[in-house]
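Scroll down for the structure; my scribbles are underneath it.
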There are 2 protein chains.
Amino acid sequence: MRKFLPVLRTCPLFAEVAEDDLLRMLQCLGARIESFDKKYTILAEGNPARYIGVVLSGSVQVVRIDYYGNRSILTEVGQSDVFGEAFACAEVQSMPVTVIANEPCEIMLLECSHILHTCQSNCGFHQKLIFNLMKDLATKTLLFHQKIEITSKRSTREKLMTYLMFQAKKAGSSRFEIPFDRQELADYLEVDRSGLSAEISKLRKEGVIESEKNTFALL
Amino acid sequence: MRKFLPVLRTCPLFAEVAEDDLLRMLQCLGARIESFDKKYTILAEGNPARYIGVVLSGSVQVVRIDYYGNRSILTEVGQSDVFGEAFACAEVQSMPVTVIANEPCEIMLLECSHILHTCQSNCGFHQKLIFNLMKDLATKTLLFHQKIEITSKRSTREKLMTYLMFQAKKAGSSRFEIPFDRQELADYLEVDRSGLSAEISKLRKEGVIESEKNTFALL
DNA sequence: ACAAGTATGTTGAAATTTCAACAGATGGAG
DNA sequence: CTCCATCTGTTGAAATTTCAACATACTTGT
């Protein structure tokens with residue numbers, strides 16, 4: 001656990017928690033750390049939503065797969081970020097999504113009930129954690145607004161361009177990398193992969209963007 | 001203010017706040033109540049995100065209008081529910097959406113900074129409000145997941161059916177009313193209105209649904 | 001270096017959506 | 001009751017997306 005302190009201190013969930021308190025707190029929260037190989041399912045749709053996951057290393061994807069096997073990618077969650085918190089905090093009976101390791105990763109799982117319901121020893125950190133959770137959920141809501149703004153566009157081209165503009169803004173540069181391969185990008189934008197590839201080629205020919213693999217540039 | 005106590009007590013934001021404390025608390029939060037006519041803009045895109053709105057009567061819509069004038073409806077917010085909280089809590093500089101009165105309504109506006117940052121008098125209710133906000137944001141996140149599940153479907157028919165199934169589940173009955181007219185439903189599902197009308201007709205002819213105005217039934 | 005598996009780009013056909021235009025239905029105001 | 005504005009449903013044409021199939025490029029493990 002101790003070796004992850006540098007990551008944990010950058011985790012917004014633990015913002016303003018004194019380092020001394022952190023380890024004790026995690027103990028109290030029933031924290032446990034697990035490693036997952038790429039593509040491994042960390043939290044499965046349908047299971048009870050008890051855990052908040054903290055990405056210590058690597059990254060995970062929150063996805064939903066429908067009857068027909070179509071995958072929809074909701075978010076990509078990277079190091080020191082958190083997943084599953086909305087379902088655990090809302091205390092839903094079953095997870096509506098699946099969380100999958102996007103690469104080999106180390107994950108810390110917290111029992112959310114231990115955060116929500118003050119323990120007997122009445123640890124002082126609950127209030128701070130709840131505040132941090134609130135902040136985190138507000139931020140996540142913004143990300144969903146973003147995703148909806150992107151996918152509400154009616155054409156593949158507009159979805160792609162809107163996505164790329166958000167990424168450029170986030171990177172603070174007109175040249176940037178995206179965290180998705182083509183199929184994943186299609187599953188995030190909710191469009192057909194081959195159509196997406198065609199659109200990227202077209203935009204490139206028109207001189208609107210440059211791209212090579214996962215690196216894009218807006219011109 | 002006092003006349004709204006019955007509504008305020010059912011508002012999840014004030015759950016477990018003693019009625020005696022409520023009025024004092026609202027005072028401390030700089031609460032003010034305003035009335036709006038139908039279609040009036042309550043919070044405008046681009047403005048600073050300082051306020052949490054509480055719907056005391058009537059209902060409002062959270063919408064985004066893009067360059068081309070295409071409207072996208074994000075959510076409909078009814079009595080005793082809250083809006084704007086995600087932006088205010090995340091302390092974004094400017095609102096990414098617009099909130100519009102869906103019908104004549106009475107709205108209570110709270111200064112979010114007064115909730116987030118404990119006041120000098122160190123009122124005891126901050127912790128409770130923050131907990132309630134956290135719960136609310138978690139629930140709102142679920143609603144966004146739902147909206148994304150709906151709009152991620154590739155055809156108008158599937159979007160509509162997925163939406164109707166959620167509504168049926170919510171109503172606890174296969175017959176239910178929806179809060180949208182045709183154009184609004186199209187703007188929520190992110191599809192073309194005329195195509196939506198055509199699809200509804202088709203589903204009716206096929207005997208999959210019954211519908212008249214805003215009342216639908218799944219068969 | 002090779003083979004096998006995966007990812008990407010390309011294409012054309014089929015299905016679907018969007019768009020524009022209009023007609024009938026509905027609802028309010030006077 | 002009538003008029004006017006709005007809403008809803010219908011249609012056909014144009015644009016777009018999806019789908020399936022395939023060729024090429026890239027990766028990975030051996």
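Sequence lines set the chain letters: A, B, ... in the order given, protein chains first and strands last, and positions in each chain run from 1. FYI, side chains are in, hydrogens and waters are out, and symmetry mates aren't considered; it's all heavy atoms of this structure.
Listed by residue number, the members of residues 206-219 of chain A with any heavy atom below 4.0 angstrom from DNA chain C form an empty set. Of the residues in residues 179-187 of chain A, those with a non-hydrogen atom less than 4.0 angstrom from any atom of DNA chain C are Asp181(A), Arg182(A), Gln183(A).
Using a 4.0 Å cut-off between a side-chain N of Lys or Arg and a carboxylate O of Asp or Glu, Asp81(A) and Lys140(A) qualify as a salt bridge.
By the ring pair (Phe, Tyr, Trp, His ring centres under 6.0 Å) test, Phe87(A) is found to be paired with His145(B), residues two or more places apart in sequence or in another chain being considered. Evaluation of the ring pair (Phe, Tyr, Trp, His ring centres under 6.0 Å) rule for Phe180(A) yields Tyr188(A) as partners, not counting sequence neighbours. Checked against side-chain contact (heavy atoms from CB on, under 4.5 Å), Tyr67(B) has the following partners two or more places apart in sequence or in another chain: Met165(A). Considering only residues two or more places apart in sequence or on other chains, Phe176(A) meets the ring pair (Phe, Tyr, Trp, His ring centres under 6.0 Å) condition with none of them. For Glu34(B), the salt bridge (charged side-chain N to carboxylate O under 4.0 Å, His left out) partners two or more places apart in sequence, or in a different chain, are Arg32(B).
Arg154(A) comes within 4.0 angstrom of sugar-phosphate atoms only, judged by non-hydrogen atoms across all strands, and of no base. Residue Ser155(B) is in sugar-phosphate contact alone, with no base atom involved, counting any heavy-atom pair closer than 4.0 Å across all strands shown. Using a 4.0 Å heavy-atom cutoff across all strands shown, Ser194(A) reaches at least one base atom of the nucleic acid.
Side-chain polar atoms of Thr151(A) and Glu190(A) form no donor-acceptor pair below 3.5 angstrom. In this structure, a donor-acceptor pair under 3.5 Å is present between the side chains of Ser57(A) and Glu106(A).
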- What do the steps show when you test Arg71(B) against Glu184(B) for side-chain contact (heavy atoms from CB on, under 4.5 Å), and what is the final call? CA-CA 9 Å; Arg71(B) 176 178 64 170; Glu184(B) 290 172 333; 3.7 Å; yes
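Here the side chain of Lys147(A) pairs no donor or acceptor atom with the backbone of Thr75(A) at under 3.5 angstrom.
Each end of the helix from dA1(C)-dT30(D) to dG30(C)-dC1(D) yields a helix axis from five base pairs, and these two axes differ in direction by 50° (to the nearest 10 degrees).
Between Thr156(B) and Arg193(A), the residue whose closest nucleotide on DNA chain C is further toward the 5' end is Arg193(A). If Ile200(B) and Glu190(A) are placed on DNA chain D by their nearest nucleotide, the residue sitting closer to the 5' end is Ile200(B).
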Return a table of donor-acceptor pairs under 3.5 angstrom between the side chains of residues 200-209 of chain A and protein atoms on other chains or two or more places apart.
residue, atom, partner, partner atom, Å
Ser201(A), OG, Ser197(A), O, 3.2
Arg204(A), NH1, Ser211(A), O, 2.9
Arg204(A), NH1, Ser211(A), OG, 3.0
Glu206(A), OE1, Arg157(A), NH1, 3.2
Glu206(A), OE1, Arg157(A), NH2, 3.2
Glu206(A), OE2, Arg157(A), NH2, 2.9

Show me the side-chain donor-acceptor pairs of residues 94-103 of chain A shorter than 3.5 Å, one per line, residues at least two apart or across chains.
residue, atom, partner, partner atom, Å
Thr98(A), OG1, Glu45(A), N, 3.2
Asn102(A), OD1, Gln61(A), NE2, 3.2
Asn102(A), ND2, Ser59(A), OG, 3.2
Asn102(A), ND2, Glu76(A), OE2, 3.2
Glu103(A), OE2, Ser59(A), N, 3.3
Glu103(A), OE2, Ser59(A), OG, 2.6

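Residue side chain Arg204(B) does not reach the base of dG9(D) through any donor-acceptor N/O pair under 3.5 Å, judged by distance alone.
Read 5' to 3', the first and last nucleotides of DNA chain C with an atom closer than 4.0 Å to a heavy atom of chain A are dT8(C) to dT18(C).
The side-chain hydrogen bond (donor to acceptor under 3.5 Å, both in side chains) contacts involving residues 168-181 of chain B comprise Arg175(B)-Glu210(B), where partners must be two or more places apart or lie in separate chains.
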